[in-house]
Each structure stands twice: as structure tokens, then as C-alpha cells.
Number of protein chains: 2
Amino acid sequence: MQALAELQRFTPFKALAGDSQTLLAQGLVTKQCGSADMALHKGQPVSGAYVVLAGRLRVFSLSPNGTEATLYFIDPGETCVLALNCLFNDLLYPAWVQAETPSTIALIPGAVYRRLFEREPAIQNLTVHTLSTLVFRLMSELELVHSSHHKQRLANFILMQSASDGVLHMTQQQLAQHLGTTREVVARLLQEFVARGWVSTRRGAIAIKDLFGLRELVSPGAS
Amino acid sequence: MQALAELQRFTPFKALAGDSQTLLAQGLVTKQCGSADMALHKGQPVSGAYVVLAGRLRVFSLSPNGTEATLYFIDPGETCVLALNCLFNDLLYPAWVQAETPSTIALIPGAVYRRLFEREPAIQNLTVHTLSTLVFRLMSELELVHSSHHKQRLANFILMQSASDGVLHMTQQQLAQHLGTTREVVARLLQEFVARGWVSTRRGAIAIKDLFGLRELVSPGAS
DNA sequence: GGGCTTCAGTAGCAAAAGCTACACAGTGCG
DNA sequence: CGCACTGTGTAGCTTTTGCTACTGAAGCCC
């Protein structure tokens, strides 16, 4: 099957025993998401484990007043841990998931995943490791949120998310949404960054000019 | 052994196979913490899994500018998940842990815990479940932080942490630390709550007078 | 009771963030 | 070219939060 072959490009699924492979193949479904499609809604019951095969998903929370904030991204080969979480605890999904770019997602039904978990050490490790990673990301995010101003968070976001050429292709509106703030705040802060010669802005993108200036702002003294 | 007996009061450790019991008994260490003692420092390497036997631990993060914020609490029978997390990923501990009340902690060495994890389904489930719970708590906390003002967070904290008689025994300074803000802000907000007849304040404690008023503030319209 | 420490209540000011509003630049299209 | 649409740069104002400082009240020890 096509989907199974795709899935087996990624480590933990390569090493499964023969009958586990069959089990996996039986229930596997793939799902295509166009850019900006919602993959999962908040409050939706979770039917299985999600593994991203291609593209990129964005997990974010949406507050009553309309501001959203990105929690983290899921890249190919990674699984959506929140879904795992819900799977093992019978919870409703606690956030929103949207495709950043057109994406392909493999969906392993809950029952199948649980059986795999019982018998395959590789899946056990994958599960624990994935959960751990998420915990770590959330901790970092949480620490970041209440230990720093928007100024620092913006600098950090630019540093972390810019492509290897130091350019971040994103409108200020999107940037504001990722940080859970408004466009004006982003514009004001960027204006200051530009004045200091740290970045340059143009329509739809931001280019880093002084990496160390930004770094110094994010973690002062850590040179 | 005393410590083992203590540990076995809690579910997953009751159901272990005989040889697992022996394994567990070999490496088990207990640790006493007085009130406000630090159980774990940030950046400290983690030597094993922590299970709280008695008392209560507080996990919090500390930002460069000195403000701290409570991430969550660990009650008897629960394990410190962050420690588990570090254990499986060889990470340094990412936060601080302090005893809220005098506490007893059982420490299961890393190697022992990993072997238990491999062979005991009960421990596997415990691990996954504990991690999941933490993920959920962190998600909620993160959502709360950036979707609501201090006013709402304070109301929420009072509702969640007050004893069954509706009284929260805590100074305003401590309250401010839990929320990652300052005493003045807490005092100002409480003043407003008092004016609306929602709570009454006295030295070292806050008493809830109008549960529904507070609830309405936390989640408007949810009656 | 007197003196000390801790906690609570207030005030005033400065910084940060959010909201509304508008002018202008860039892009695409007929 | 003119037009519409989207993204950016500003401005002014309000609310929230943070910081400094002082006063008074509650509890504790001698």
C-alpha cells in the first residue's frame, strides 16, 4: 500500500514485526490538507494517531477574544502528540491544527495504535519520546511567554523561524497571530529593530541584518 | 522495607510482578523535604523518577528578571513528570521544584525505572498517562496565560486553589508569585473583587463570598 | 504594654500593550 | 493607466501592568 510505504520512511515504523506491519496496513488512512485547511478542530473527538508525511502543521490555541497563538509546529515524520494524548486519556482535542503548507497526514486508528503500543517496544519509545518532546516545547514556550516582553518574543521568533538565508517570509499580521498580539505592536517593535539596524523589512518578509543584536536582546549577556 | 510499603499504597506499584518488586526495592531511596526546601534545581541532572509520598511539591519557572510562576503542583501518588521526561531524553531539568509543605519523596533510580518500563505494562501506562496529564495541564496553563488578563487568572487561581471551605490561605505576595506578577497588581485586583462582594480579604487569607461572580469572570456566559 | 516583623492598602508615575484610524506603497488585473 | 486589494508605517489615546514609596494594621516575642 502507498501510505504504508510512505510511513515506513520514518524510523520507528521501519522496525516493526511482520504481523504488526499487517495490523498497521489494515487501518491506515491518509488525508490531504490544502494550505490553511483545518486538520483538527478544538473539541473534536480524536479518532487516532496523526503522523505528518509531508508539509507542515501548525498547532495553535484560540482565545475567546479572537487572538490566536502558535503553540508549536509538526514537521514530516513527527506525530501530533496532542492527538496521542487524547487517545490515551479519552479527552477532546484541546487546540486547533491547521496546515501551514499543503500537507499529507497518515491517520492510524486509535484501536490499532493501542495494540501496537502494547506489543512493540519501538512504538512505546516513540510515544514516550514524542510526549516528552512536547512537554519540553510547551515548557519552553510557557517560560518564554511569562519571562519576556513581546520585544524579546518577537526577536526570538524571527531568529527561530527564519529560513537559512536569514529571511522570514511572513506578513506582520501573521507574525502578530503567532505571538498572540496585534499587527500594530509588531510594526512598532519592528520599527525599532530596523532603527537599530538589526533587520530590514519589506512587503511580506523580514531579513536579518544583525544576528548578534537580536541574540543579545533574546538572552542578554549570553553573547 | 518501609519506603516500598509506602510506595505500594499507590495503584501502579501494587500490581507489579514479584521480581519487579525486588528490583524496585533494591534501588529505592526516600528523601525528606522541609517546607520551602528545594527538591530540584533548574539545570540539575536528573537521577531518577520522583514519586511524592506525602506533602506537596510546587513546580515553577524562574525568569531572569526574578519573577517566578507556578507551572503545576504534584500531590501524593503523583510522579514528577518533568523528571521522567529528562530521564527518557537525557535532558537537564528545565524548572525548579520546591516543597510547599513538608514532603516525603521516593526516588527510583533511572536505570531501575527504565527496566521496569520495559517489562511492566502497568509502568508503561503510568508513564504515558502521567506525561499526558502534564501535557494537558501545560496546555491549559498556556492557553490561560495568553487568553486572559491577570484579573481572570487571579479569579481562576482563587477558585482552583481554595480549600473546600472556600478559603485560600496564602499571602498576596505568594499569590503574585504563582501568577508571575507583583503584589501591587494582586492587591489592586483583589480590591476590585472585594468591592463587588465576590471575596473578602484578611491577613494571610482570602475567602470566597460569591462563587458565581468569580466564575462569571473566568468564563463569561458559561453560567 | 512596647517594639519588631510581616502583611495589606494606597498613591503616583512610567512603560508596555491594545484599539481606532488613516495615509501610502506594492501588487495584480482589466 | 486606473482601480481594487492587501500590506506597511504612523499617530493618538486608553487600559493594563510594573515599579517605588509610604502608611497603617495584625501578629509575635520579650
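Throughout, protein chains are lettered first and strands after them, A, B, ... in sequence-line order, and every chain is numbered starting at 1.
A 4.5 Å side-chain heavy-atom check between A/L154 and A/L217 finds every atom pair outside the cut-off. The side-chain heavy atoms of B/V52 and B/C80, taken from C-beta on, include no pair separated by under 4.5 Å.
Rounding to whole angstrom units, CZ of residue B/R202 and C1' of C/dC7 are separated by 14 Å.
Residues A/N156 and A/V218 share a closest heavy-atom pair of N-CG2, 3.6 Å. The minimum heavy-atom distance between B/R137 and B/Y72, with the atom names listed, is NH1-CD1, 3.5 Å.
B/M139 pairs in a side-chain contact (heavy atoms from CB on, under 4.5 Å) with only one of the listed residues (A/L134, A/V59, A/L71, A/L142), which is A/L71.
Place B/K151 and A/Q173 on DNA chain D by their nearest nucleotides, and A/Q173 ends up nearer the 5' end.
Within residues 174-193 of chain A, the residues having any heavy atom closer than 4.0 Å to DNA chain C are, in order of number, A/T181, A/T182, A/E184, A/V185, A/R188.
Contact between the side-chain N/O atoms of B/Q172 and the OP1/OP2 oxygens of C/dT6 is not found at any separation under 4.0 Å.
A salt bridge links A/E141 with A/R153: the closest approach of a Lys/Arg side-chain nitrogen to an acidic carboxylate oxygen falls below 4.0 angstrom.
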When the side chains of residues 196-209 of chain A are checked against the rest of the protein, which donor-acceptor pairs come out under 3.5 Å, sequence neighbours left out?
| unit_1 | atom_1 | unit_2 | atom_2 | d |
| --- | --- | --- | --- | --- |
| A/R196 | NE | A/E192 | OE2 | 3.4 |
| A/R196 | NH2 | A/E192 | OE2 | 3.0 |

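Nucleotides of DNA chain D with any atom under 4.0 Å from a heavy atom of chain A span, from 5' to 3', D/dT6 to D/dG12.
Checking A/Q173 against A/R183 by side-chain atom types alone, no donor-acceptor pair falls below 3.5 Å.
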